[in-house]
Every structure is written in structure tokens, then in C-alpha cells.
Protein chains: 2
Amino acid sequence: MDVTGQTPPDGPADPAPEPRKAASIRDVAHVAGVSYQTVSRVINSHPNVREETRGRVEAAIETLGFRRNATAFALASGVTRSVTVLTSNTTLYGYAATLQGLEEAARAAGYALGVKLLTPEDDLDRTVSAAAATGGGLMVIGFDRLAASALDRVPENVPCAAVVEAPSHGRTPPRPAVWADDREAARAATAHLLELGHPTVHYVAIPTSVDTRHSEGPRAQGWRGALEAAGVTPPEPHGGRGWDARFGYDEGRRLARDPGVTAILCGNDDLALGVLRALHHAGRPVPGDVSVIGFDDAPHAGFVTPSLTTVRMDFQGLGRDAFALLRGQLENDHRPLAPTFAAPDLILRESTRGHAPRQ
Amino acid sequence: MDVTGQTPPDGPADPAPEPRKAASIRDVAHVAGVSYQTVSRVINSHPNVREETRGRVEAAIETLGFRRNATAFALASGVTRSVTVLTSNTTLYGYAATLQGLEEAARAAGYALGVKLLTPEDDLDRTVSAAAATGGGLMVIGFDRLAASALDRVPENVPCAAVVEAPSHGRTPPRPAVWADDREAARAATAHLLELGHPTVHYVAIPTSVDTRHSEGPRAQGWRGALEAAGVTPPEPHGGRGWDARFGYDEGRRLARDPGVTAILCGNDDLALGVLRALHHAGRPVPGDVSVIGFDDAPHAGFVTPSLTTVRMDFQGLGRDAFALLRGQLENDHRPLAPTFAAPDLILRESTRGHAPRQ
DNA sequence: CTGAAAGCGCTTACAG
DNA sequence: CTGAAAGCGCTTACAG
């Protein structure tokens, strides 16, 4: 099974068409027998052009296959209509869905979208600087520490907006930003588990954008708050060092060993999947013995067995709204409206069930 | 649960810093007391600059917060170092992983990466044209019909490469491209099921880039070929109209009704998840009664229960290699080497088991 | 080692 | 309605 393929470096069989230079407005003007300014008027649909002239120019554009050079346009006009999104991940569900919302909104507005991945290896200042030098706006998906630092480093005079974790009481993101109420969502999910009769709820955390030496993420805060409101002392939270099922599995194994554990809230659905798997391996049926709630409502959450009770998050809506916020800075006539994204919503499925206290 | 947040449109509390214009090399030159050409030499690390002059210029750059305007650089120098990837999806595992490989390779080479989503609604020619006008290279992720059409429409004189489905015998992609051997992978997976004792294997297809009125995708071809080689008449394939678990679930329900179905190959892991779920609902245990194989080895495939036997695909490697192919066209001194991506690999897990013919 | 000129492909006033 | 000029912020020769 090792046959793989590639078109030979020399390209397809037919003789490689020499990459002749693209036509410019001067070429078009020459063919159409007008000055190049007139060509500019035509491609910008300026009203004051004689119909017959316009026709000649359009014909020339067609025959030469002219496409306006976007770089020259940007430099001369000063309008860039492009956004670069800074993110530390593109494949995790929350990031990918946010990116998708961003892309949709950008496309609808006629903006080009660039993606620049943030990595711990690359110099953050250089990365942010390079992105800023593009001339367009900057968008940061600030779900983790790395992205939060990037957001802090965006030069003041470059247009920028972000989607972030719900900020703590009284704190304001360094730039215009949107967020969902993760805190309230986690509180509600935890309260649901408590109402089901579980004596306490354990939490397996995702990484967060806040400095965990001094604080914790909004989802953890909501979980903690719900327990405290019910008068139960929150157990030590787990996780916080990774996003995927493998981390969930590792934490799940630990939790499975404790017979007192009957309810687990996970920071996302992938962690929950890992926890489910660990509980299965430990012979602890879900939801018979343990109830599990995920977070995000990723596409597969409803199709695993047991299907996952989870909190649906409208990442695409966040992305759209964040773009509107940025666009407001880029085009001064454009005023972003109130948020349009949907609030988090607890989706009840098979992985949770009422808990009857043991005799 | 409806509290959501957004920074007020006016921005953070502190008075919005007026977006003063970015400094140009002339500004830097003025502050440093040199001509702007000298500034150009410094920012391009040209050797012939007196140490003391260089120092003054660098100091001026620092105090003014100068960043070279990428647009002007591109226009003046003619080097773009940017790639726009055309894709009809960014969230499905195969697409997202390919994109990630592309991004990594682009970043390593110092290229900016743009993403342009292909949709059935937008005019394909306009979309492709707009992307081509960027001046950089074009990259297409050609896993579906829409993307394949986009690839066909890329003007001959714009640098372009693609990652595609394995082309049929003797056919060549319209542009330099890389591909994994999906056909052989599907053949091997099917043969494995046959060796396990299953009398036949059913197939739930993903959409494909080929015109299904005249042909079928490479994965389907491999599945069909394996059956025919074993002397069994291939049953009618299912699916082909969607990628996600819901489609898999619908097809799974149909298959579950047929007691003769004991082995199912799915075009990807999401479809397989849906099939698993449908079999569960129909009371047909996996792998006890039915064996299921997925495709791609998505991150969660190993964590569902039963864990999914699947074909691991190196999408990231494909993305990297495709980028090298494109770079070869953009920089004429750069010669792409032989493919470096890993061949598809069958990963045996819990969802498959030997089949003992019923008495 | 450093400066003055021309130009990348466009647009935006300004003339006529 | 259409053309000639100046300029966007840089780079690449060309001088000295």
C-alpha cells in the first residue's frame, strides 16, 4: 500500500505554457485605443464613459484576459479589504467554526481572508508585526494564552478585533471583542447535574487564555460558582493542559478510579469523548453509573454512543460578529449592530441521567 | 442563559487612540537624517551600509514603530510570497488537515496564506479570477466537484498546484498535483474485510471530484476492484451525497435492515460514526454482528466505542508536498523533491472482527 | 558607502 | 466624456 502519486515536477504532458506576464491597464488601453485612465474608469464602473468606448475597453479586457492587479489597487487606492486572522489552531472544533464564521462574513463583505498560525516557536512580536504590515485588519481568535498575548501585542494604530473568552468581572479586553457567556453556560450545565441528584460535579478543563496561576477560565469559574451556590465544596479541577480526546482519556482514567465520581463536566466535546472512553475501559457505564456533559456541540457529539449531552456554542456567530466589529474600524461609515450570535444552549442527550444515592 | 458580551462599539474605556498613519521609509529617513534609499538598504539588510548609519536608521525605525508596507514591497519588488488556497470546506477533517499542512509549509517558507471558500452560490470564474489577481500562487484542495471545476478554471499563466483525489488510469490533473493512493487503500481495506470471512462488503461513499454519471471516486473504485478480484459481485454503493455523520446515519439505517449486511466500508470516519450509531439503534452489535471500517483516521476515531478501524491518511503531508510543488513554480531556483507524505495505512481497531458464516 | 532617478500598476484629483 | 499629471510606498539599477 505504498503507491502514491504526484504530477511530475515538469507539469502535465503538454508543453508548459510560458507564464507570460499579465496584461496591465496600459495594455488594455493600447488594444482599445484609449488612454489607460479610461480603462481605470471602466473597471471601476465609473458613470462618465461613452457606451461605445466602454464596449471597446471591455472587449480588450476580454481578449487580453486582463485582471486588475490587487496589489497595485491596494497601494494606489489605500483600500485593502483584507483581514488576517491570528490563531493558534485551525482544526479544533471551536477554532475551526469561528474561522468559518469569520470567513463567511469576510466573503460576504468582499474581504480577502488571510490566516496566520501562532506557534510557541515563532517570535510573537515578529509574527504580529508581519501580519500588521499587510495593511488590512487583524482578527484574533483568543481562546488560549498564546493568542491572548498576540492580542496584547497588536500595535495600537492597526485595526483589530477579537473573539475571546468571557472576560472576568470588570476586566475589558485590550481591543474590541465579542464573547459568549461560557461562565453562565458552565454554571447552568453544572446546576443541571446537581438537580439530577449528583452530590458533586468534577471538571475536566480545557486550556484557557487567562493566567491560571492567578485565576481560571470562565468555564471553570461557572462550574465552581454553581457548586458553591449549592453549598458543595468544589473538588480539584482536572485537565487544562490539552484539548483533545487523549487528554480527556488520561484524566478520565484518574477520575474513573474514584467511586465517588458520578458526574463530570468537560471543557469540550473531545475531552468528553476521551472521558467516556476511559469510563468504558474502567467498566463504569455512562449514564448508568456516571453522567458526562461536554461543551461546544461538535458535529459528532450527537452520534457517539452514548450520545453526548453538551453545551451548544455558536462559534460561527461569534466569528461573524467579530468581523462586523473589525469592519466598523476599517470603514468609518460601517456601524456594527448588537451581537447576533446565539446564546449557549444546553443540549440534553444520553450521557446524563438522574442519580439515585446509594443505600 | 442568554447573557452574552461584546465590547461596546466605541472600543475600550480609554480614549480611542486616533489611528495615525503608519510611518514610511521617508519618515524614518527624515528622523535618521539619511535618504530613504538608505533606509531601504537597512531594512533589506544590504551589506554596504556604514555601521553608524545603520544604527541611526534602526533607532529611527524603533522610535517610529516603522513596519515595511507589504503591499508596496510586493508591487515594487515583484515578489509576492503569498498563496491563496481555494477550498470548498475548512472544517471537515480531510480538508482541515490538508490546510494545516499547507499552512505549515507556507509559514516555514515565509509565505502568507490566504483562504478563499468556494461555494455553489458564488460565480466560480469570478472567485478564481479574484484569487488569481492577488498576484501570488493558487492552491486548490480538490476533493470535490466544485473544487475540481475551480482547478479547471485557473488561468494558465497563474502559478497553481493542487491536492487531488487519485486520478483514474492514464488521466492527468490539469495542474501539477499530489495525491494519496485512495484506490489502493480502499482495495486493501476491502480485502481485509473479505479475509475476515465476510461474504461481501458494502460501501458508503463520500462525494467525489469525478463526475459520478460516468465514473466513480477512487475509494469506490478500490472497493469495487477488491470485490471483483475476489469474485464477488459488488452491491450497489450507498451515500455519495454528503460527508458527515448524519448522512452516515441515514445510510446506516437502510443497511441495518438487511440481515445480509455484515461488513461496511465507509468513505470517511464521520460517515462511519453515523453508520455505527444506526447499527446501534437497530440492535446490530459492532463488531459482533457487523464490521465497519472508516477512512482518514480523524482524531476521535480511536476514542469512540467501539473504536474505529480506519485507513490513516497523511493529509498534512499532502498539503506540504503540494506547497512545494507550487513553490517550485514561484521561485524558479526551487525544485520540489519527491513526495514526502506517508502512504495510507490500515489501522486495526475494535470495529472489525472475523465473520463466522451462520449455520 | 550614499544619494537622485525611474518605475511597479494602479487611483485620484485636475484639466479640457 | 476623455486625457495628462502626480502619487501610493517601496525597490532596483545608475551615479558618484
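Proteins get letters first, then strands, A, B, ... in listed order; numbering begins at 1 in each. The analysis underlying the following values was restricted to heavy atoms, covering all of them including side chains, and did not include hydrogens, waters or symmetry mates.
- Two residues are said to be in side-chain contact when any heavy atoms from C-beta on lie closer than 4.5 Å; B:Arg68 and B:Asn44 meet this criterion.
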### Query
Which letter, B, S or -, goes with each nucleotide of nucleotides 9-16 of chain C from 5' to 3', with contact meaning a protein heavy atom under 4.0 Å?
BBB-----
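- Figure legend. C:dA13 is base-paired to no nucleotide; pairs are counted as Watson-Crick or G-U wobble with both atom distances under 3.5 Å.
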### Task
Give the C-alpha distance, both sets of side-chain angles, the deciding distance and a yes or no for salt bridge (charged side-chain N to carboxylate O under 4.0 Å, His left out) between A:Glu51 and A:Arg56.
CA-CA 9 Å; A:Glu51 206 43 59; A:Arg56 285 218 313 284; over 6 Å; no
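- The distance between atom NE2 of A:His46 and atom P of D:dC1, rounded to the nearest whole Å, is 10 Å.
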### Message
Evaluate B:Thr87 against B:Phe143 for side-chain contact (heavy atoms from CB on, under 4.5 Å), listing each step before the verdict.
### Response
CA-CA 9 Å; B:Thr87 179; B:Phe143 294 152; over 6 Å; no
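- Counting heavy-atom neighbours within 6.0 Å of A:Glu62 CD, excluding the residue itself, gives a total of 12 or less.
- Donor-acceptor pairing under 3.5 Å is recorded for the side chains of B:Ser209 and B:Glu165.
- Relative to the side chain of A:Arg50, the nucleotides C:dG3, C:dT2, D:dC1 differ in distance, and D:dC1 lies closest.
- Between the side chains of B:Ser149 and B:Asp152, not a single donor N or O lies within less than 3.5 Å of an accepting N or O.
- A close approach under 4.0 Å does occur between a side-chain nitrogen or oxygen of B:Thr38 and OP1 or OP2 of C:dG3.
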